[in-house]
Amino acid sequence: MSSRLEHLNHWVAEVAHHTRPAAIHWCDGSDTENRMLIDQMLADGTLHLLNQDTHPGSTLHRSHPDDVARVEHLTYVCTTHHEDAGPNNHWMAPDEAHAEIDALFDGCMQGRTMYVIPYCMGPIDSPLSRCGVEITDSPYVVANMRIMTRMGAAALARIERDGTFVKGLHSIGELDPNRRCIMHFPEELTIKSYGSGYGGNALLGKKCHALRIASHQARSEGWLAEHMLILGIENPQGQTHYIAAAFPSACGKTNLAMLIPPEGYLRDGWKIWTIGDDICWMRPGPDGRLYAINPEAGFFGVAPGTSNKSNPNALASIQSNTIFTNVGVTADHQPWWEGIDNGQVPVTDWQGQPYDASMRPAAHPNSRFTVSAKQCPSYSAMSEDPHGVPISAIVFGGRRASLVPLVFEARDWTHGVLVGAAMGSETTAAATGAVGVMRRDPMAMKPFCGYNFADYFAHWLSFDTEGAKLPKVFHVNWFRKGDDGKFLWPGFGDNLRVLEWMLRRVEGHGGAVETPIGHLPIAHDINLEGVPLSDEAHAKLFGIDREAWQAEFASIGDYLAEYGPRLPQALLEEQRKIAAELA
Ligand code: OXD
Ligand code: MN
């Protein structure tokens with residue numbers, strides 16, 4: 001097979017010449033093709049069948065133990081000028097980067113099949129969508145891309161219509177951490193990834209295309225590519241507001257996107273609709289509002305901690321047709337992870353060894369499930385709307401054990417951009433490296449912004465134009481801890497109480513007090529019925545410690561200074577203004 005697009009055929013031939021595969025397979029995305037690949041992977045041990053009575057169509061993949069997370073230290077943005085990548089990215093000159101990674105690709109597919117995957121990020125017929133083609137030697141990547149994107153014949157037809165696509169070349173290579181790197185060439189709309197089969201490094205439509213390359217593209221085309229979930233909140237009157245929320249990896253985006261309203265809210269008729277759990281592309285519409293699509297078609301969610309209590313919708317979604325990666329299994333071959341809380345016990349851990357709690361957890365802390373978004377009980381049909389959904393509020397948040405209150409609202413767009421730019425969070429297992437270390441993670445894009453953060457902040461500020469009807473901006477912290485080290489806020493479904501307050505603010509009738517850091521609800525502005533909070537919890541969730549915030553603003557100032565003269569003046573002025581108010 002080939003395409004009607006000469007430069008696509010030419011690139012495929014060139015890659016084949018370079019990597020020397022035994023065969024080339026153009027993916028059509030059909031069920032037959034999928035079954036063929038799954039059977040082949042079951043036969044060669046890449047996949048293991050799970051219990052087909054309890055989890056029909058589901059399989060387990062165990063990755064190489066050194067290949068379980070994103071590798072930020074091996075991820076590069078290769079722009080002509082170093083300053084265009086910014087201090088927020090590892091950089092290499094494009095020529096040098098091509099030479100280095102091309103040497104790794106040389107002959108690397110010998111004896112393997114090379115798969116050509118045409119995919120579309122976003123609904124096939126949406127003007128907001130963008131396409132790519134990933135070439136890979138991993139059938140596991142093909143099976144995951146089929147769930148995570150609109151992949152195959154329909155995508156190829158759109159690519160042939162558009163004439164352009166992002167080129168992604170991937171090989172698992174030897175899965176050697178010393179021969180691994182992920183390179184982005186935003187000026188060439190090209191990605192090259194070698195030596196890892198892990199989702200964030202290998203499913204090139206996701207982080208590499210939909211965030212790093214797309215953010216770069218979005219800047220020149222006047223839109224935003226963000227690390228955000230999108231959810232719809234339907235009130236008892238039947239009106240639905242859409243919210244986009246940015247949290248760093250493994251900080252509960254999937255849980256928030258699939259939230260189940262607490263008892264009283266359910267009774268009153270509140271409903272939550274899931275559009276996306278990880279990535280959001282937004283663009284101003286003709287009415288001045290921002291319209292968003294989820295470029296993905298599936299969820300690549302963190303398994304540990306997912307339970308009937310924390311996220312019943314996720315659990316319901318993954319009862320069938322799911323690829324599990326690096327979870328444990330029970331005696332009757334059901335998937336198992338820490339926190340699943342279903343009364344079962346694991347017998348085999350994620351490395352395929354007999355489970356021994358003193359050796360390692362049954363599931364890797366970054367073990368995942370890959371499942372079609374359509375299997376989620378709260379899936380919103382608006383996910384397929386080519387125009388996207390209008391966004392009423394943007395929410396930023398991180399894991400902050402101290403300092404940061406439950407919620408506050410930015411005064412205006414510029415302040416909102418500062419709130420996003422100053423975001424901090426404790427690191428998680430989604431990337432290799434130490435866990436629990438507080439780092440600045442602006443807009444949760446630290447690992448994903450394909451260009452200089454200084455320019456990115458300026459791009460955000462540029463949306464505040466005459467006639468723009470921008471969403472209100474909020475900051476939340478579900479992770480505040482008390483003196484005893486325990487979380488002060490129940491989180492999960494109860495987070496709807498906070499979202500409800502935001503929507504009242506959007507509609508112009510929610511109460512709040514003004515403070516230097518933004519508008520804070522007083523506890524009674526939020527419906528806390530049935531949520532017993534201690535005095536300490538009240539004080540910490542709904543108050544600010546001025547002295548500690550002065551220190552925070554000094555630290556934010558130091559952080560922003562790292563971006564030098566490229567940093568937009570308006571952002572610095574905002575930081576100085578608030579620092580002065582706090583003093
Ligand atoms: C993810 C991540 O997989 O952010 O979504 O690491
Ligand atoms: Mn993510």
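The model shown is predicted, which means the values in this text are computed figures rather than measured ones. We count ligands from 1, going down the list as the structure has it; atoms in each ligand are counted the same way.
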Pairing of [X] and [Y] as salt bridge, 4.0 angstrom limit:
| X | Y | value |
| --- | --- | --- |
| Glu72 | Arg439 | yes |
| Arg180 | Asp67 | yes |
| Glu562 | Arg440 | no |
| Glu384 | Arg150 | yes |

Notebook entry, point to check: Is Ala430 close enough that one of its N/O/S atoms sits under 2.8 Å from the Mn ion (ligand 2)?
Noted result: no
Next item on the list: Determine the minimum heavy-atom distance between Lys472 and Phe474, stating which atoms define it.
Entry: CB-CE1, 3.6 Å
Note to self: Looking at every non-hydrogen atom in both residues, tell me the closest pair between Ile318 and His55 and how far apart they are.
What the structure shows: O-CD2, 3.6 Å
Write out the residue and atom name of the closest protein heavy atom to [atom], then the distance separating them to 0.1 Å.
| atom | value |
| --- | --- |
| atom 4 (O) of ligand 1 | Ser249 OG, 2.5 Å |
| atom 3 (O) of ligand 1 | Arg368 NH1, 2.9 Å |
| atom 6 (O) of ligand 1 | Arg70 NE, 2.9 Å |

Check: Do Lys207's NZ or CZ and the ring of Phe448 fall within the cation-pi criteria of under 6.0 Å and 45°?
Finding: yes
Next item on the list: Count the heavy atoms of every other residue, nucleotide or ligand shown that sit under 6.0 Å from CD of Glu100, and state whether that count exceeds 12.
Entry: no
Suppose I only count heavy atoms of [X] and a 4.0 Å limit; which atoms of ligand 1 are within that range?
| X | answer |
| --- | --- |
| Phe448 | 4 (O) |
| Ala430 | 6 (O) |
| Asp278 | 5 (O) |

Next item on the list: Provide the atom name of the closest N, O or S atom of Asp278 relative to the Mn ion (ligand 2).
Entry: OD1
Next item on the list: With heavy atoms under 4.0 Å as the rule, classify the contact between Phe299 and ligand 1 as side chain, backbone, both or neither.
Entry: neither
Margin query: Lys253 versus ligand 1: do any nitrogen or oxygen atoms come within less than 3.5 Å of each other?
Written below: no
Notebook entry, point to check: Out of Glu72, Lys207, His227, whose heavy atom is nearest to atom 5 (O) of ligand 1?
Noted result: Lys207
